[in-house]
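By convention in this document, chain letters (A, B, ...) are assigned in the order of the sequence lines, proteins followed by strands, and residues within each chain are numbered from 1.
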There are 2 protein chains.
Amino acid sequence: MDMIKVSANSRTSAVAGAIAGVIREHKRAEVQAIGAGAVNQAVKALVLASSYLRNDGIYVVCMPEFVDVEIEDKVRTAIKLVVEPRVPDPTPPVAPPATP
Amino acid sequence: MDMIKVSANSRTSAVAGAIAGVIREHKRAEVQAIGAGAVNQAVKALVLASSYLRNDGIYVVCMPEFVDVEIEDKVRTAIKLVVEPRVPDPTPPVAPPATP
């Protein structure tokens, strides 16, 4: 599974489409952003991707982490957003009443 | 429950402490940020808060949303991060083998 790398200039809808596609295929996506502009784009894309996926009945949550990445021989701290379907509530949904 | 409002100048550790405190008390926190710098601070604070809470055995996830807020008679789009404990996995953990 590829890491989705986001920059401050990434198009929100393109990143959102990528996140939704990876979630549908792999049930997990990782989105990496370095710097405030990129993190903002990543979070906006995640809001959009969540709404796409909600239409398919998939409810995602995100867990942000710090990761060190080496870019041109310099170590920079990136934000990695791990996106996964929400673990379903253990309480089963109430069945609808039988139609008379 | 109060909304935790984050600006680009907010101290990461102060926001993280606030998030962790609200989660411990209310099991849910809402963090609001407007603009790339503020969103970046909010996400960094959430990474830090998650690590504080993990030490207490609390694993949080976040769901970002757009919200319209009115500031000085202008409507601006904010990012709201809803932070909640992860719904526990329905599969119970395997019990350790009994000591002989």
Can you give the donor-acceptor pairs under 3.5 Å from side chains of residues 12-25 of chain A to other protein atoms, not counting sequence neighbours?
residue  : atom : partner  : partner atom : Å
Thr12(A) : OG1  : Gln41(A) : NE2          : 3.1
Ser13(A) : OG   : Arg11(A) : NH2          : 3.0
Arg24(A) : NE   : Asp56(A) : OD2          : 2.8
Arg24(A) : NH2  : Asp56(A) : OD2          : 2.8

* Could you please state which residues from residues 73-84 of chain A sit under 4.5 angstrom from chain B, measuring non-hydrogen atom to non-hydrogen atom, sorted by number, or 'none'? => Ile79(A), Leu81(A), Glu84(A)
* Taking all non-hydrogen atoms of both residues, which atom of Ala36(A) and which atom of Gly37(B) are closest, and how far apart? -> CB-CA, 4.2 Å
* Residue by residue, scan residues 61-69 of chain B and write down, ordered by number, those that have a heavy-atom distance under 4.5 Å to chain A; if none do, write 'none'. => Val61(B), Cys62(B), Met63(B), Pro64(B), Glu65(B), Phe66(B)
* To do: Tabulate, in ascending numerical order, the residues of residues 42-54 of chain B having at least one heavy atom closer than 4.5 Å to a heavy atom of chain A, or enter 'none'.
  => Val43(B), Lys44(B), Leu46(B), Val47(B)
